[in-house]
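The shown structure was predicted, so the numbers you read here are calculated from the model rather than taken from an experiment. Protein chains get the first letters and strands the later ones, always in sequence-line order, with residue 1 at the start of each. Side-chain atoms are counted along with the backbone in the values below, which use heavy atoms only and exclude waters and symmetry mates.
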Amino acid sequence: MGLGAVAVYSNCDRASRHVRMADEAYAIGSSAPADSYLRIDRLVDAALKSGADAVHPGYGFLAENEGFAAACRDAGLTFIGPTPDAIALMGSKTAARRAAFQAGVPVVPGTEEPFGPDAAEAAIATAAARIGYPLLIKAVAGGGGKGMRVVAAPEDLPGAIRAARSEAGAAFGDPAVYIERRLVRPRHVEVQLLGDLHGTVLPFVERECSIQRRHQKVIEETPSPVVSPALRAQLTGAAAAVARSVGYTNAGTMEFLLDQDGRFYFLEMNTRLQVEHPITEMVTGVDLVTWQIRIARGERLDLDPAAVLTPSGHAIECRIYAEDPDAGFMPSPGRITALRPAAGPWIRDDSGAETGTEVPIFYDPLISKLSAWGADRAQAIARMTRALDEYQVAGIRTTVPFFRWLLRQPAFEAAACHTAYLDELLQQRQGEPFESPGEDDEAAAVVVAALEAFEGAAAVRLKADTTYREGPDGHVAYVASGFSRTRGTAAWKRRARLEGLR
Amino acid sequence: MGLGAVAVYSNCDRASRHVRMADEAYAIGSSAPADSYLRIDRLVDAALKSGADAVHPGYGFLAENEGFAAACRDAGLTFIGPTPDAIALMGSKTAARRAAFQAGVPVVPGTEEPFGPDAAEAAIATAAARIGYPLLIKAVAGGGGKGMRVVAAPEDLPGAIRAARSEAGAAFGDPAVYIERRLVRPRHVEVQLLGDLHGTVLPFVERECSIQRRHQKVIEETPSPVVSPALRAQLTGAAAAVARSVGYTNAGTMEFLLDQDGRFYFLEMNTRLQVEHPITEMVTGVDLVTWQIRIARGERLDLDPAAVLTPSGHAIECRIYAEDPDAGFMPSPGRITALRPAAGPWIRDDSGAETGTEVPIFYDPLISKLSAWGADRAQAIARMTRALDEYQVAGIRTTVPFFRWLLRQPAFEAAACHTAYLDELLQQRQGEPFESPGEDDEAAAVVVAALEAFEGAAAVRLKADTTYREGPDGHVAYVASGFSRTRGTAAWKRRARLEGLR
Amino acid sequence: MTFDVEVAGRTRTVEVASADGVYRVVVDGRPRTVDAVRAGATWSLLVGVRSREVSVGDDGDGGLAVYVDGRRLAVRVTAAGGARRRAARRRSGGEHAASAAGPMSVGAPMPGRVVAVLVAVGESVAARQGLVIVEAMKMENELRAPRAGRVADVRVMQGALVDAKAVLVVIE
Amino acid sequence: MTFDVEVAGRTRTVEVASADGVYRVVVDGRPRTVDAVRAGATWSLLVGVRSREVSVGDDGDGGLAVYVDGRRLAVRVTAAGGARRRAARRRSGGEHAASAAGPMSVGAPMPGRVVAVLVAVGESVAARQGLVIVEAMKMENELRAPRAGRVADVRVMQGALVDAKAVLVVIE
């Protein structure tokens, strides 16, 4: 669009890609989010110093914080997102449920009011008993599975409330929670929306996000394999009706649960762009981020409503995390010593990770959103499988082997999934490794590891046999560390190796 | 598609990506094409040994050689391409012109018969005089601008014939040439086709390939900015009519010249997949290579004819060559010491080049086909510009700076181009450099180059201050060369640097 | 040169030599024909006509991540004899893990921040009782007692940043 | 440490030191504040709040390809004093290019195969007359006489493979 970009960064993000790609970059504090990315004052200050016209809040941290949107507005900055009022209304899960109900859209049974930090345990227990077990505790300000707990029986309620509040407080700065009935094996289906400042609201073809681990989406796809054109019309119509009823603008997503009989219930709204937006972009060709900016500028949403409801092919996204799937998905922060991302036709890799990137302990461990497009679901899965086979990381563990395994599961291939499917499946396999290389693979690994060691040592021997000096023209034999390096090993490590190998 | 892949390789391609990606690989001779990739006997032999069912000829070397197609057929192998008869007919430029003429499609005036190696100079001169100067000499078996020469005046004819024949003989194994009138400032527009074994022929939305340097396409885009829906219907209808008249099957492309009055003339046919197929795939969502295989298997072409004629958005391809644009596009073979390819949403990079790749002198210096898609032409250009800015190569020179410059030219932005546009433009600028970094860029480069040198030397100093030995567990401090390396410099070079810097 | 190469719990002795750019490799005494070339940042291996792409990355801590046609294997290369010495030391009891009867350390499974310490020195704990909550990457992870016992030592306080493998609590 | 850094025909003397992970850089005697960190395989430079991404690759022959926000610069780093010594040698006539009057070498502009030799020793040639045709990457390139003269030497034959900068023909 020809716009300049200004980045902000916490201490541990000084070297990150968003800083390097920006025209200007401003330091806003130390690595803990509360001291930097959640500091509205510092963010607004940086924007004003830079002379920026507008602020894009991304999809984490303060992206759904009405205080931040209001602070931008009050400072004369355009906030690229909904109005503070819309965020406050739809960002509160309980208020959003009321809005949906009033717009005539069914909602999942649950508490009408949030429980603040001072709510009495007894009051919560009474509400829980009324709704019935099993139930879900959810953070009012939540998202991404954070601050969410399943409670099977009354005795687990207090502990679960405490844990959900603590997570919600840390992640969103708001410990308020609410309670909702847990449907039996529902699917999670959601509708992307765009709304302009002139009253036009456009719903997009739905996304299917039922594959979740501990309430966190791990694979998203579009269209949903189980949504018929008739159901799509109802679902997207309902989503647009809620958005229109509250005068919603810019990008947002209405989440629904779809039960086994094809009935859907409004679940909550994300008043921001979502992690999984690339797959919608792939099947519609619409650049959602560009449209967010155009809408914020006051442009009219002139997309063809029928076209954005008619998917061209099928797209899938895998969220690749710095977690060790063979150790119960334990976070695996650290330095990425080598990375070969996936590429190729109809593959999109939205990632900030590179060789040398330090994955910090402070933030969400998402390192790549890998998306694949196909003319149909089978082709999209085949391309994703190929892309995952290409994806190689050293230094940290990632969920890539888990995805390779998951894409081969018969229930996934048959698209016969619900929101608890993955957790049940993982429980059954009891920590069995996700990948089992064969004898041939071992033999190849042994030989190549030995060749690498030999080559490294050979280079050191070569050195020992040769004399070097400055050339006659003052030229020094010199190899820079390079932006991508093939050979060569740190001198002192080589030396150590030689001595070790003697 | 779940198929296994068998690669063949010449000596200098032993380490190339197509060998590594294949399941099996067969050596077929030394690096010169005549000793390997043009050896039909060895190719068929390798295919038979491997037990392959089918042979895909790619888009170079023998892809348009009917002898190769026939040899595959005779050996019981499925040739993934047209029949030997169709290749012979349409691959001969003169026979193809006759076929077009008979199908009622206009052709560019030229000689009806090819001139073989023994044709008398006088006969050629007579034919040339009849057609009129300026004219074009073209290889009958040609493609990609090889074996082609413009002749402005009779005295240049003998030299041009000799050069065209020599190139054609080396590149295609056939020195026969023919002569064609040169139209005034025509555009080059072409129609991709697929034909199945059941009589269905489908034309695709046209590609515009007018930006050429010395008759070689450098940028292709689709759709053509000057082709109206009405003209598209005529043009693609004509292309399909010619293909049907000769019973054409599998993938092929009909090339046309479009004059300034909107009249088109059949130029020639490529009886194979083309280099620029990715952009057609981007605007139609159709995987042409998959369809080539499905057609060869006998499957029915069940694509929607209207859909493949209706582009979804706009796509552009830049052919990135190992050439130094600032030295008159001199070939720049050698070792790629560092490569950062372009990536990101709606960017496709079809490339075999990586850090460490040796670009050989034996083959075409195409190292990447970089494609960008946009909802419209302006967005596609903007994305391509961004991708080119990301593309970084060390060790060899590439045409990337040239493309960055070309995309900024007003005539390109206005799509006001013809086949001689680029050559004329390049002549005007008389070798001015394509990129002029500013003072700030120089200052930044100076500082970082010095930091790199400092860091390298510092690592050596560190070594000198430290004692290393094998650890008590027999573990050797060890860093492998890695699949993508950030830091570290070959030990002996570091050592040399230290000594040089003392 | 000879190396010990450990993969999937098994150590092989590998001898490598090269002459005129061709490698001779002997694995556990058996010579192998290896057509291996470095291909940019990876290796291309032809075993007969079978093509394998193998890449090697540093996995930290002396380990290597070796990808064979995309499948990851953890490999450790040491000078010949190194694996034997390490195994011997393991047998002589130099390792971290103690027997089931002795004191038992509960360590941090990853770097993170201690959100809460749930036990104090001297307290009795049941098996699987929560001891410490560590937060990393916005998720809380409760570390539990591996068996019933008494808390002998608590080595962290709330708010502390801890490294992977740091001992947090000792149970006896 | 001090380096000579050559870019765009100009050499600057650059002094670099580091303390506590912060660099002090002095360019041609002027100290500069540099906020530079290595970012994976590139460098991130903040000049005030202006962000630049700089990457450095080996361009062969001792040269570096430095990309500053995607713009390529050819840079040469030598130990301090190296550039001066090289310039001095250039002045003393140690370079390839001879004066316009003396004998003149025509070299291969790139590695390739000699397709045809169009002249013989002793022959007179006009300026821009074709001397040798070299083929590389399937394209033929005709090398022409830089000026009129007599062919003093032909150092290749048809079919030969030649390296970049190899002298093919000498005109006097």
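For chain B, the nearby part of E53(D) is the side chain; its heavy atoms alone come within less than 4.5 Å. Neither the backbone nor the side chain of A116(D) comes within less than 4.5 Å of any heavy atom in chain B. Both the backbone and the side chain of V16(D) come within contact range of chain B, judged by heavy atoms closer than 4.5 Å. For I396(B), the part lying near chain D is the backbone, with the side chain staying farther off; criterion is any non-hydrogen pair under 4.5 Å. The contact between R52(D) and chain B is made entirely by side chain atoms (from C-beta outward), counting heavy-atom distances below 4.5 Å.
Expressed to the nearest 0.5 Å, how far OH of Y391(B) lies from CZ of R72(D) amounts to 12.5 Å. Taking CD of Q392(B) as the reference point, atom OG of S55(D) lies at 3.5 Å (rounded to 0.5 Å).
Using modelled atom types, no side-chain atom of D59(D) and backbone atom of A394(B) make a donor-acceptor pair closer than 3.5 Å.
Taking 4.5 Å as the limit, every side-chain heavy atom of V446(B) sits out of range of all side-chain heavy atoms of V75(D). No side-chain heavy atom of V447(B) sits under 4.5 Å from any side-chain heavy atom of V14(D). Under the 4.5 Å side-chain criterion, counting only non-hydrogen atoms from C-beta, I361(B) is in contact with L161(D). Between V66(D) and D441(B) the shortest side-chain heavy-atom distance does not fall below 4.5 Å. Taking 4.5 Å as the limit, some side-chain heavy atom of R38(D) sits within range of a side-chain heavy atom of E452(B). Residues F362(B) and E135(D) are not in side-chain contact: their nearest non-hydrogen atoms beyond the backbone lie 4.5 Å or more apart.
Counting only N and O atoms by type, the side chains of Y67(D) and E390(B) include no donor and acceptor under 3.5 Å apart.
Classification of R10(D) and E442(B) as a salt-bridged pair fails, no side-chain N sitting under 4.0 Å from a carboxylate O. With respect to the salt-bridge test (charged N to carboxylate O, under 4.0 angstrom), the residues R50(D) and D440(B) qualify.
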